[in-house]
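Read the numbers this way: they start at 1 and go in the same order the structure lists the ligands and their atoms.
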Amino acid sequence: MSGQVRAQVDKYFEVVAHRNAGEPEFHQAVAEVFESLTVVLERNSKYADFGLIERLCEPERQIIFRVPWVDDQGCVHVNRGFRVQYNSALGPYKGGLRFHPSVNLGIVKFLGFEQIFKNSLTGLPIGGGKGGSDFDPKGKSEGEIMRFCQSFMTELNRHIGEYTDVPAGDIGVGGREIGYLFGQYKRLTNTYESGVLTGKGINWGGSQVRTEATGYGVAYFVAEMLKAKGESVEGKTAVISGSGNVAIYAIQKIHQLGGLAIACSDSSGYIVDKKGIDLDLLKEIKEVRRGRISEYADAVPHAEFVAGGCIWDVPCDVALPCATQNELDDSAAKTLIANGVQAVAEGANMPTTPGGIQAFRDAGVAFAPGKAANAGGVATSALEMQQNASRDSWSFEYTDERLAGIMRGIHARTIETAAEYGKPGDYVHGANIAGFVKVADAMFALGVI
Ligand code: NDP
Ligand code: 2IT
């Protein structure tokens, strides 16, 4: 039975690999979920019927469009825009927009695929989608960023809506970009449709805690992981890769929970501050000046900047990869393990390679995948949608308590599901299975569509 199911899952994968040639990140994301499916199909063969797996792997709609814009010198540039509307069984498509030169269709599909299961795990009524562009925001002026966002939305507006598809931020897209995107949507449609985008500013329809939500959520999740081992964040050292939206607020919450964040990075290298990262300074450098991480070491004499290098060489109790995909490989995982890491939680999407995940499994290190650990961002986006729908606005404390409760719920569901399917303590299997079953059951209920 087991061999037969394994062969069937391998066959599904072959079809996906063949149909989506040249998209390695997408293959990796699908393979990771499929690894958990064998045990589900063995228990309940209905999931192998009605083309369910094939339908799950094929996006409902993929939109690719031209984004022309004019720079400050009057030169015309052309970028490529994407929106992959992956699965709407649980609710409107929901997921961020990424602006980074590495963006291509395969990257957007991997992110959209992950988003289906992540959104399912939140327990909130949101489907999965993702979008973005190969536009590079680095070094662009305010005017250039605004004109790019306006051009991007000039096409995207036809495809989104409060009941259809609700984008938000991701790498390279934060509050500033959401503002320009929302402004253009409002102008083009002549509607103040607050629910069409999340991550909006507080005084024009945004939610308290959305800015902080992904980072806070990762810290809440790792606190639950440590609690399950009879430990806590108190007194633990943490290394956090990246220094963007997710990393900054993960650092803040780790400090609030009594831990000490000692290192963070950007694509040029990493800094180590053994006394604990000065968050006000980091925010000034990254959020206000939009500068480089080396400026931190310029300002703090006892801090060290390492150009290039691998941040995972820094010994720590807790590791939170919060930058980008495949930034933590098996060799980095082995270094972390040798240095005594106790828990690893992914703030980024798919930052750990399959070899890295296997190394943590082999060593018995608690490892939480992004679709569970970083779900706080999209969950708080869904809370923003709730507030928009009821024309309400909640306090910071109330919203933060909702977020903390959602993260505790995801932790409990993940760990219970892992145990139920014979994989106790395995957050990867727990998250994949719990996320999958809910979406799959909804797809059955809605018929072959
Ligand atoms: P930001 O753009 O705010 O920050 C990204 C950070 O990661 C920057 O420090 C950036 O450095 C670094 N980084 C990006 N690409 C690379 C690279 N190739 N190598 C090294 N460092 C890199 O993005 P976010 O913080 O919003 O997103 C970070 C991760 O979290 C992404 O994987 C995203 O998908 C995920 N995520 C984000 C959510 C959100 O709500 N924003 C929700 C859930 C997940 P540099 O500036 O030098 O490029
Ligand atoms: O990867 C993610 O979950 C996000 N970038 C946030 C998506 C959202 O809709 O808030």
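- Protein residues with a heavy atom under 4.0 Å from ligand 1 are Arg98, His100, Lys118, Lys138, Asp170, Ile171, Gly172, Arg210, Thr214, Gly242, Ser243, Gly244, Asn245, Val246, Ser265, Asp266, Ser267, Arg292, Cys322, Ala323, Thr324, Gly347, Ala348, Asn349, Asn374.
- Using cut-offs of 30° and 60° for the angle between ring planes, the Phe65 and Phe152 rings count as tilted.
- Under 4.0 Å from any atom of ligand 2, one finds heavy atoms of residues Lys94, Gly95, Gly96, Gln115, Lys118, Lys130, Ala168, Gly169, Asp170, Arg210, Asn349, Gly377, Val378, Ser381.
- Put simply, the side chain of Asp165 never gets that close to the backbone of Ile160: no donor and acceptor are under 3.5 Å apart.
- Judged by distance alone, with hydrogens and angles left aside, the side-chain atoms of Glu224 form no donor-acceptor pair with the main-chain N or O of Phe221 at under 3.5 Å.
- With sequence neighbours excluded, no residue satisfies salt bridge (Lys or Arg N to Asp or Glu O under 4.0 Å) with Asp136.
- No donor-acceptor distance shorter than 3.5 angstrom exists from the side chain of Asn20 to the backbone of Glu23, with no hydrogens or angles considered.
- Annotation: cation-pi geometry satisfied between Lys140 and Phe135 (NZ/CZ under 6.0 angstrom from ring centroid, within 45° of ring axis).
- In summary, Arg176 and Glu142 engage in a salt bridge, as defined by a charged side-chain N under 4.0 Å from a carboxylate O.
- Identified under the salt bridge (Lys or Arg N to Asp or Glu O under 4.0 Å) test for residues 91-104, with sequence neighbours left out: Arg98-Asp170.
- Relative ring orientation between His77 and Trp69 is described as parallel, the plane-to-plane angle staying below 30° on a 0-90° scale split at 30° and 60°.
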